[in-house]
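Lettering follows sequence order; numbering is per chain, from 1.
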Amino acid sequence: MKPVLEILEQRISKALRQTTGLAVCPAIVRPTADGRFGDYQVNGIMPAAKQLKTNPRQLAEKVVAQMNISDICQPVEIAGPGFINLRLKPEFLANALLEIYKDKKLGIEQTANSQTVVVDYSGPNIAKQMHVGHLRSTIIGDCVSRMLECLGHNVIRQNHIGDWGTQFGMLIAYFNHFYLNPSIAAHPGQDHYAVLNDSLRISDLEDFYRKAKELYDKDPEFAEESRRVVVKLHSHDLAIQSHWQHIVDESREHYQPIYKRLNVTLTSKDECGESVYADKLPDVVKTLKDKKLAVESVGAICVFPEGFKSKEGEPLPFIVQKSDGAFLYATTDLAAIRFRLQDLHANRVIYVTDARQALHFKMLFAVVKMAGWADESVKLEHVTFGTMLGADGKPFKTRTGGTVKLAELLDEAVERAKAVVDEKNPDLPEQQRQKIAQAVGIGAVKYADYSNNRDSDYIFSFDKMLAMDGNTAPYMQYAYARIRSIERKAEQEGLNIQKELTGICEILLSDPAEQALARQLIQYSQAILNAAADCRPNYLTGYLYELSQAFSRFYNVCPVLQSEGQIRAARLVLCDVTARTIRHGMTELLGIEVPEQM
RNA sequence: GCGCCCGUAGCUCAGCUGGAUAGAGCAACGGAUUUCUAAUCCGUAGGUCAGGAGUUCGAAUCUCUUCGGGCGCGCCA
């Protein structure tokens, strides 16, 4: 089902072109900011009139005479300097609502040109626990993936895990030095790797990591040993590699449950980390050299894309091989993007990482274009986001200044939600309260992130995100629970909603609150399109909030079960479509559960 | 020094290729409950959209500039 906005845009644009003879003059139809101006307004008359040096109101009249929207809108009104105000016909609104009611996909239109879209997100570091810094990439990327998929694109998720850096040299060297070697010395002949691997947990790893880093920084001998281990790992030394594999597996055991808690769709199948590209790096550099793009500079191999300057105003290098011969993240990113373009045949590649890496990606994309790996039609995008801040406006840290572990953050959110559920709904069984707390707590954290414009930094506050008022997960969940409650009550009273609505072919929307709710409901498809186009989940949360508000207003003035006949049928349809829309938006697109009761 | 992002109500934030009198929530004040979950709804008050200049029928939005905050800029990722 085509969004109304799109139909209006097309038809009015056509009339505008016919009237003016201009090849390009969009109607620019937008929802009105103010209800007094109707449901939609046409903004495109004035720019067109400007171009033709004619009076906008007169042009508007001609366009109105030319356009054919009488099946959708009431007689239009020309207002202000040259706006055309559009009001949907009640019959049209009712029919559109009915159509959505009958559509399993709630009127969401499948895209006509489906693309293969690679979305690179989350990318946790192996051997470290996930912390709050990983939250935004993980959930924003997940929402973007879900939205694009929902619109009919072929989404390939890529979890570019950090599993190949120098940190493994340190980690394994440290481990050998302090654990393995003493163990061998004390008990020769045992399978020490197996014993140690079994006892190695992520929390240990992290501790080792910190200590190893310290040692690495102050002990040149240990640093040298670490580098030797990295070389061994990279040359596929079996013992070292099995150790590495264990660390990777152990880390996965840590972050997969977090994905599950967060209701993030990433699975181990989506993992395609640094190590996967390790063997391709020499060829990447060679290819760039062969194309005369990569050249030596101060001992390193660099590409100099146009338009990038260093502090000194000189051309800024994109270093693909260090002077010691080692490859670095730029090389890996090149190998990865080449794979995505040439082997995965991506039409669009989206990187969801924080804004600090903007320059890196600009240069990366520039090099890709120089190398000719992507044709003009391919879109390479860096979807950036700001930092999570604490109440003091500084980067979010624990009281002692450490990084906040994601698992602990989620624990606290659930704990706080549980306290509220216990207070508000003590009669529900403990197990159910626990489940609700889970949905509310985790949902609140995710929703708070989604509802902010991703460009800006935002202040993390449990109190704000768990509030029942305002643009929060609990508000949305509450609206949903109320609808389900109506349906439960109906069933208790022996009313079979399914039966009541079977074969319904006409809806009567008489109350303004009903109409307002219906108007909101038929715009769902458009809201997803807008959010997906710019990779901005906050457009979607904004829509869902307006929807829930429209529902709450309706709920307050339009009793459902006390009403009768056609009115009750219409209200039941409104409830049904609202519930399904909220559930779809929250569950399918944002990955936030909506409890049946709360 | 150069580049990117940000600056909107007391606080936290929206504002969709430029559109009409800039919107929410919190906090403050006043109302609504014999009714399907009041975790709700309605109303009042609150603004030099950081400052200035420009583009134009029209600017929070585009351009330039100043100020303030954050981040980045050759072998880390």
Quiz item: How are the rings of Trp244(A) and Phe168(A) set relative to one another: parallel (under 30°), tilted (30 to 60°) or perpendicular (over 60°)?
Solution: perpendicular
Practice problem: Taking only the side-chain heavy atoms of Pro47(A) (C-beta and beyond), determine which of C36(B), G19(B), A20(B) contains the nearest atom. | Solution: G19(B)
Quiz prompt | Pair of N/O donor and acceptor under 3.5 Å linking U37(B) base with Arg484(A) side chain | solution = no
Quiz item: At under 4.0 Å between heavy atoms, what does Leu316(A) touch on the DNA or RNA strands: base, sugar-phosphate, or nothing?
Solution: sugar-phosphate
Quiz item: For the side chain of Asn556(A) and the base of A38(B), is some donor closer than 3.5 Å to an acceptor across the two?
Solution: no
Exercise. Could you check how far CG of Asp576(A) sits from C1' of C36(B), rounded to whole Å?
Key: 16 Å
Self-check item: Counterpart base for G43(B), defined by Watson-Crick or G-U wobble contacts under 3.5 Å
Solution: C29(B)
Quiz item: Can the ring centroids of Tyr545(A) and Tyr475(A) be said to lie less than 6.0 angstrom from one another?
Solution: yes
Quiz item: Side-chain N or O of Lys362(A) less than 4.0 angstrom from OP1 or OP2 on G72(B)?
Solution: no
Self-check item: Atom-pair distance (CD1 on Ile436(A); C1' on A39(B)), nearest Å
Solution: 12 Å
Exercise. Name the nucleic acid region contacted by Gln321(A), choosing base, sugar-phosphate or nothing; use a 4.0 angstrom heavy-atom cut-off, strictly under.
Key: nothing
Practice problem: Output the single nucleotide from G19(B), A20(B), G74(B) whose closest atom is nearest the side chain of Phe37(A). | Solution: A20(B)
Practice problem: Using a heavy-atom cut-off of under 4.0 Å over every strand shown, decide if Ile28(A) touches base, sugar-phosphate, or nothing. | Solution: base
Practice problem: Name the pairing partner of C64(B), where a pair is Watson-Crick or G-U wobble with both distances under 3.5 Å, or state none. | Solution: G52(B)
Quiz item: Using a cut-off of 4.0 Å on non-hydrogen atoms, how would the nucleic acid contact of Lys489(A) be classed: base, sugar-phosphate, or nothing?
Solution: sugar-phosphate
Quiz prompt | Phe83(A) ring center within less than 6.0 Å of Phe37(A) ring center | solution = no
Quiz item: Once you round it to whole Å, what is the distance between P of C42(B) and CZ of Phe551(A)?
Solution: 14 Å
Exercise. Would you mind telling me which of A39(B), A20(B), U17(B) lies closest to the side-chain atoms of Arg30(A)?
Key: U17(B)
Quiz item: Under 4.0 Å between a side-chain N or O of Tyr480(A) and OP1 or OP2 of U37(B)?
Solution: no
Practice problem: Identify the nucleotide, in any strand shown, that forms a Watson-Crick or G-U wobble pair with C4(B), with both distances under 3.5 Å; if there is none, say none. | Solution: G70(B)
Quiz item: Could you give the CD-to-P distance, from Glu487(A) to U37(B), as a whole number of Å?
Solution: 12 Å
Quiz item: Between the base of C16(B) and the side chain of Asn530(A), is there any donor-acceptor pair under 3.5 Å?
Solution: yes
Quiz item: What nucleic acid atoms does Gln477(A) come within less than 4.0 Å of, heavy atoms only: base, sugar-phosphate, or nothing?
Solution: nothing
Practice problem: Take Val29(A) and Val560(A), find for each the nucleotide of RNA chain B with the closest heavy atom, and name the residue whose nucleotide sits nearer the 5' end. | Solution: Val29(A)
Quiz item: Which of the following nucleotides, G19(B), C36(B), C41(B), is nearest to the side chain of Arg553(A)?
Solution: C41(B)
Self-check item: Under 4.0 Å protein heavy-atom contacts per nucleotide of nucleotides 6-15 of chain B, with B for base, S for backbone only and - for none
Solution: ------SSSS
Exercise. Have a look at Asn85(A) and say if it touches a base, only the backbone sugar-phosphate, or nothing, with a 4.0 Å heavy-atom cut-off.
Key: base
Quiz item: What closest approach, in Å, do Ile301(A) and Ala294(A) show between heavy atoms, and which atom pair accounts for it?
Solution: CG2-CB, 3.8 Å
Exercise. Given ring-ring contact (aromatic ring centres under 6.0 Å, His included), test His360(A) with Phe318(A) step by step and report yes or no.
Key: CA-CA 8 Å; His360(A) 167 70; Phe318(A) 191 67; 5.6 Å; yes
Quiz item: Aromatic rings Phe551(A) and Tyr555(A): how do their planes relate, parallel, tilted or perpendicular, breaks at 30° and 60°?
Solution: tilted
Practice problem: Indicate, with a heavy-atom threshold strictly under 4.0 Å, whether Ser552(A) touches base, sugar-phosphate, or nothing. | Solution: sugar-phosphate
Quiz item: Phosphate oxygens OP1/OP2 of C41(B): is one of them under 4.0 Å from a side-chain N or O of Tyr475(A)?
Solution: yes
Self-check item: C16(B) phosphate, OP1 or OP2, under 4.0 Å from Tyr543(A) side-chain N/O
Solution: no
Quiz item: Any donor-acceptor pair under 3.5 Å between the side chain of Glu312(A) and the base of G74(B)?
Solution: yes
Practice problem: Would you check if there is a donor-acceptor pair between the side chains of Asp163(A) and Ser275(A) at a distance under 3.5 Å? | Solution: yes
Quiz item: With respect to the side chain of Leu359(A), which nucleotide from G72(B), U37(B), U35(B) is positioned closest?
Solution: G72(B)
Practice problem: Grab the CG-C1' distance between Asn471(A) and C26(B) for me, whole Å please. | Solution: 13 Å
Quiz prompt | Syn/anti state for G43(B) [syn: chi within 90° of 0] | solution = anti
Practice problem: Could you tell me whether the side chains of Tyr40(A) and Arg30(A) share a donor-acceptor contact shorter than 3.5 Å? | Solution: no
Exercise. Name the closest nucleotide to the Tyr555(A) side chain, picking from C76(B), G74(B), A38(B).
Key: A38(B)
Quiz item: Within this structure, what is the NZ-to-C1' distance between Lys322(A) and C75(B), rounded to whole angstrom?
Solution: 6 Å
Quiz item: What's the OH-C1' distance between Tyr478(A) and C41(B), to the nearest Å?
Solution: 10 Å
Practice problem: Return the nucleotide paired to G19(B): Watson-Crick means purine N1 to pyrimidine N3 with N6-O4 or O6-N4, wobble means G-U with N1-O2 and O6-N3, both under 3.5 Å. | Solution: C57(B)
Quiz item: Do NZ/NE/NH1/NH2 and the carboxylate oxygens of Glu514(A) and Arg571(A) come within less than 4.0 Å?
Solution: yes
Quiz item: Of the nucleotides U37(B), C73(B), A24(B), which has the atom closest to the Tyr545(A) side chain?
Solution: A24(B)
Quiz item: Between A59(B) atom P and Met46(A) atom CE, what is the distance in whole Å?
Solution: 12 Å
Quiz item: Do you see a donor-acceptor pair shorter than 3.5 Å between the side chains of Arg227(A) and Tyr216(A)?
Solution: yes
Exercise. Could you let me know what A14(B) is paired to, Watson-Crick or G-U wobble, both distances under 3.5 Å, or none if it's on its own?
Key: none
Quiz item: If we call it a pair only when both distances are under 3.5 Å in a Watson-Crick or G-U wobble match, what pairs with A9(B)?
Solution: none
Self-check item: Side-chain H-bond candidate by donor/acceptor type, Asn425(A) with Arg433(A), under 3.5 Å
Solution: no
Exercise. Go through the steps to decide whether His234(A) and Phe327(A) satisfy the test ring-ring contact (aromatic ring centres under 6.0 Å, His included), and finish with yes or no.
Key: CA-CA 11 Å; His234(A) 289 190; Phe327(A) 303 110; 8.9 Å; no
Quiz prompt | Touch class at under 4.0 angstrom, heavy-atom based, for Gln492(A) against every strand present | solution = nothing
Practice problem: With heavy atoms under 4.0 Å as the rule, sort Ala358(A) into base, sugar-phosphate or nothing. | Solution: nothing
Quiz item: Contact class for Ala531(A) (heavy atom, under 4.0 Å): base, sugar-phosphate, or nothing?
Solution: nothing
Exercise. Identify, between Ala79(A) and Ala481(A), the residue whose nearest nucleotide on RNA chain B lies closer to the 5' end.
Key: Ala79(A)
Quiz item: Contact class for Pro317(A) (heavy atom, under 4.0 Å): base, sugar-phosphate, or nothing?
Solution: base
Quiz item: From the list U37(B), A39(B), U21(B), which nucleotide is the closest neighbour of the side chain of Gln597(A)?
Solution: U37(B)
Self-check item: Phosphate contact (C73(B) OP1 or OP2) by Arg356(A) side-chain N/O below 4.0 Å
Solution: no
Quiz item: When all nucleic acid strands are considered with a 4.0 Å heavy-atom cut-off, which category describes Ala355(A): base, sugar-phosphate, or nothing?
Solution: nothing
Quiz prompt | Nucleotide of G74(B), C26(B), U17(B) approaching Pro26(A) most closely (side-chain heavy atoms) | solution = U17(B)
